[in-house]
Amino acid sequence: MVSHVVSLKIYISIFLALLAMTALTIQVAFLDLGPLNVYVALSIAVFKALLVVLFFMHLRYSSSLTKLFVVSGVLWLGILIALTISDYFTRAWQNPPGGWVEGVEAAPQPPAVNPH
């Protein structure tokens with residue numbers, strides 16, 4: 001198997017970029033951007049993860065099959081996150097006491113069973 005040799009200069013520059021992004025993450029944590037704090041911090045984290053995957057894990061120089069597996073893994077993660085978020089946001093949907101349709105009474109509840 002032939003592997004691509006990455007120069008030390010690229011490794012050092014990626015490492016310095018990761019350090020700079022970490023410092024930027026710390027600075028953003030102390031800024032009050034309101035609801036944008038989460039989005040800015042996650043954007044920086046995604047960029048750092050992309051640098052690690054592309055260069056330190058050698059995805060940039062990998063075969064198309066490896067790239068396909070990485071993309072499919074990211075898509076699967078997106079599907080799982082979307083399903084989790086949809087479940088989380090629908091937790092507050094409760095059946096109202098009068099039922100979903102106005103004027104329709106709720107079904108009578110069975111009497112409670114006393115175990116004693």
Side-chain angles (χ1 to χ4, degrees):
M1 179 173 160
V2 178
S3 64
H4 187 338
V5 177
V6 182
S7 70
L8 186 61
K9 180 180 176 183
I10 290 178
Y11 278 136
I12 291 174
S13 62
I14 297 300
F15 174 69
L16 292 175
L18 289 171
L19 285 178
M21 290 290 127
T22 302
L24 183 63
T25 303
I26 294 170
Q27 293 299 320
V28 167
F30 289 108
L31 291 177
D32 185 21
L33 300 175
L36 293 178
N37 270 357
V38 173
Y39 299 113
V40 172
L42 282 175
S43 299
I44 295 170
V46 166
F47 181 70
K48 290 189 320 185
L50 188 64
L51 285 177
V52 168
V53 168
L54 285 176
F55 292 98
F56 289 120
M57 296 176 72
H58 303 281
L59 183 65
R60 183 173 183 201
Y61 309 108
S62 295
S63 68
S64 297
L65 184 62
T66 305
K67 292 176 185 177
L68 175 70
F69 272 94
V70 170
V71 169
S72 64
V74 170
L75 286 176
W76 180 247
L77 177 66
I79 290 170
L80 290 177
I81 289 173
L83 290 173
T84 302
I85 289 174
S86 69
D87 177 54
Y88 177 75
F89 284 135
T90 58
R91 293 272 171 123
W93 293 0
Q94 304 255 338
N95 193 5
W100 289 105
V101 180
E102 192 172 316
V104 177
E105 293 185 27
Q109 298 295 322
V113 176
N114 191 353
H116 297 286

- Message: Can you confirm whether F15 sits close enough to L19 that some side-chain heavy atom of one is under 4.5 Å from a side-chain heavy atom of the other?
- Response: yes
- Query: So do the side chains of F56 and L18 get within less than 4.5 Å of each other, counting heavy atoms only?
  - Reply: yes
- Note on the structure: When rounded to the nearest 0.5 Å, the distance separating CD1 of I44 from CD of Q27 is 10.5 Å
- Message: If hydrophobic clusters are built by linking Ile, Leu, Val, Met, Phe, Trp and Tyr wherever their side-chain heavy atoms come under 4.5 Å apart, do V46 and L24 end up in the same one?
- Response: no
- Message: Is the ring pair Y61/F55 parallel, tilted or perpendicular, if the boundaries are 30 and 60 degrees?
- Response: perpendicular
- CG of D32 to CG of N37: how many Å apart, nearest 0.5 Å? 6.5 Å
- Message: If hydrophobic clusters are built from ILVMFWY residues whose side chains come within less than 4.5 Å, do L54 and F69 share one?
- Response: no
- Quick one: which residue pairs count as a side chain to side chain donor-acceptor pair (under 3.5 Å) with a foot in residues 67-83, not counting sequence neighbours? none
- Query: Are L31 and Y39 connected in a single hydrophobic cluster, I mean Ile/Leu/Val/Met/Phe/Trp/Tyr linked by side-chain heavy atoms less than 4.5 Å apart?
  - Reply: yes
- Query: If we only count heavy atoms from C-beta on, is the K48 to T25 side-chain gap below 4.5 Å?
  - Reply: yes
- Approximate separation, where rounding is to 0.5 Å, of S86 OG and I81 CD1: 12.0 Å
- Task: Hey, could you give me the CD1/CZ distance between I26 and F30, rounded to the nearest 0.5 Å?
- Result: 7.5 Å
- Message: Are F89 and I79 linked, directly or through intermediate hydrophobic residues, by side-chain heavy-atom contacts shorter than 4.5 Å (ILVMFWY only)?
- Response: no
- Heavy atoms from other residues, nucleotides or ligands near OH of Y11 exceed 12 (cutoff 6.0 Å): yes
